[in-house]
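Report on one structure; see the data block that follows.
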Amino acid sequence: MEQLVSGEAAKLLGQARRVVIFTGAGMSAESGVPTFRDALTGLWQQFDAQALATPEAFRDDPALVWGWYEWRRSAVGQARPNPGHLAVAAIEARVPSCVLVTQNVDDLHERAGSVAPVHLHGSLFAPRCSACAQPAEVPAGVTEEPAGGRRITPPRCTRCSAPVRPGVVWFGEALPEAALSAAVEAAATCDLLLTVGTSGLVYPAAEIPQVAARLGAAVIQVNPEETPLDHVAEVNLRGPAARVLPALVEAVWGGANRG
Ligand code: APR
């Protein structure tokens, strides 16, 4: 039987009082949501994801960028939370204090029952005006986008008629202040930080696990691959989130989904 969880990890989580769970794209990989560094397909394959996720790209070709985010929102709408997301919600329900900080722009944590994830990089479900920041309607229901993607002219702001933009943080943009300070505050006062499915390459988000470690918290990393966070973590659990997290909850509390 493959050992997904170490006794040390179970002990650390079992005795933790103030926990931060920090997640990245790998958390949603087993729900079929491609990680940011996965190769792009269809219309997008001629672009580098990082080039599409910038204010300049939106200024130069709003229909291309809006189309890409509608394609991603459609993919997320058709995806489902995986056992890893459910285990995160189970941990939140079982530890005295828990703050969930995510870099993901999908809503799979919320659909798994997590109450108030801190979205450091925004959300696919919070479009706003690109000029006056007035929140805009999210088209209702799960949209069907062609697999290869398509250009879509963004809707106009109902207040100032400027194009509506996706509610995500683009490269070169500052993170939402309230979210960043809530994440730093939680990391600075936690006794355990669980980092799941992030490459730890994109700053300032990647600073969060390091703040926790610097201030004496234990760090557990869940990732099938090595990352720069290996040296920050006290325990590295090498495996996929949807298998490791339920096993961790089982090891500490004997079964994630027993409510
Ligand atoms: N379970 C756990 N981890 C996984 C899994 C899995 N099933 N599959 C992949 N991973 C790991 C990979 O090994 C990698 O280290 O998830 C990580 C994904 O890394 P990135 O694609 O770089 O995603 P992330 O760290 O979230 O990126 C940070 O950068 O791209 C921007 O805004 C975007 O929020 C994103 C940020």
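We count ligands from 1, going down the list as the structure has it; atoms in each ligand are counted the same way. Each residue takes its place number in the sequence, starting with 1.
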>> Below a 4.0 angstrom heavy-atom separation, can you tell me which part of Ala29, side chain or backbone, both or neither, approaches ligand 1?
In response: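 Only the side chain of Ala29 comes within reach of ligand 1.
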> Which ligand 1 atoms does Ala25 reach within 4.0 Å, using its non-hydrogen atoms?
Replying inline: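 Here the atoms of ligand 1 in question are 23 (O), 24 (P), 26 (O).
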> In ligand 1, which numbered atoms sit nearer than 4.0 Å to a non-hydrogen atom of Glu225?
Replying inline: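 Taking each heavy atom of Glu225 in turn, ligand 1 has 13 (O) under 4.0 Å.
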> Is Asn223 in contact with ligand 1, taking contact as a heavy-atom separation below 4.0 Å?
Replying inline: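 Contact present.
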> Minimum heavy-atom separation for Asp106 to Ser28, with atom names?
Replying inline: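 Of all heavy-atom pairs spanning Asp106 and Ser28, the closest is OD2-OG, 2.7 Å.
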> What closest approach, in Å, do Arg238 and Pro224 show between heavy atoms, and which atom pair accounts for it?
Replying inline: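 Minimum heavy-atom contact is CD-O, 3.5 Å.
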> Would you say ligand 1 has an N or O under 3.5 Å from any N or O of Ala241?
Replying inline: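 Yes - when backbone and side-chain N and O of Ala241 are compared with those of ligand 1, one distance drops under 3.5 Å.
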> Could an N or O of ligand 1 be found under 3.5 Å from any N or O of Val196, whether backbone or side chain?
Replying inline: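 In this structure, Val196 places no N or O atom under 3.5 Å from an N or O of ligand 1.
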Which option, [options], owns the non-hydrogen atom nearest [atom]?
atom: atom 24 (P) of ligand 1; options: Thr198, Val105, Leu120, Asn82; value: Thr198
atom: atom 18 (C) of ligand 1; options: Ala205, Gly197, Pro224; value: Gly197
atom: atom 7 (N) of ligand 1; options: Arg238, Glu30, Met27; value: Glu30
atom: atom 22 (O) of ligand 1; options: Ser199, Pro228, Gly122, Gly24; value: Ser199

> Does Arg151 make a cation-pi contact with Trp68, if we ask for NZ or CZ under 6.0 Å from the ring centre and within 45° of the axis?
Replying inline: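 Relative to the ring axis of Trp68, which defines the angle, Arg151 lies outside at least one limit.
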Close side-chain approach of [X] and [Y], heavy atoms under 4.5 Å:
X: Leu237; Y: Leu4; result: no
X: Val235; Y: Gln221; result: no
X: Val168; Y: His121; result: no

>> Determine whether Ser114 and His85 satisfy the following criterion, side-chain hydrogen bond (donor to acceptor under 3.5 Å, both in side chains), listing intermediate values before the conclusion.
In response: CA-CA 8 Å; Ser114 290; His85 294 105; over 6 Å; no
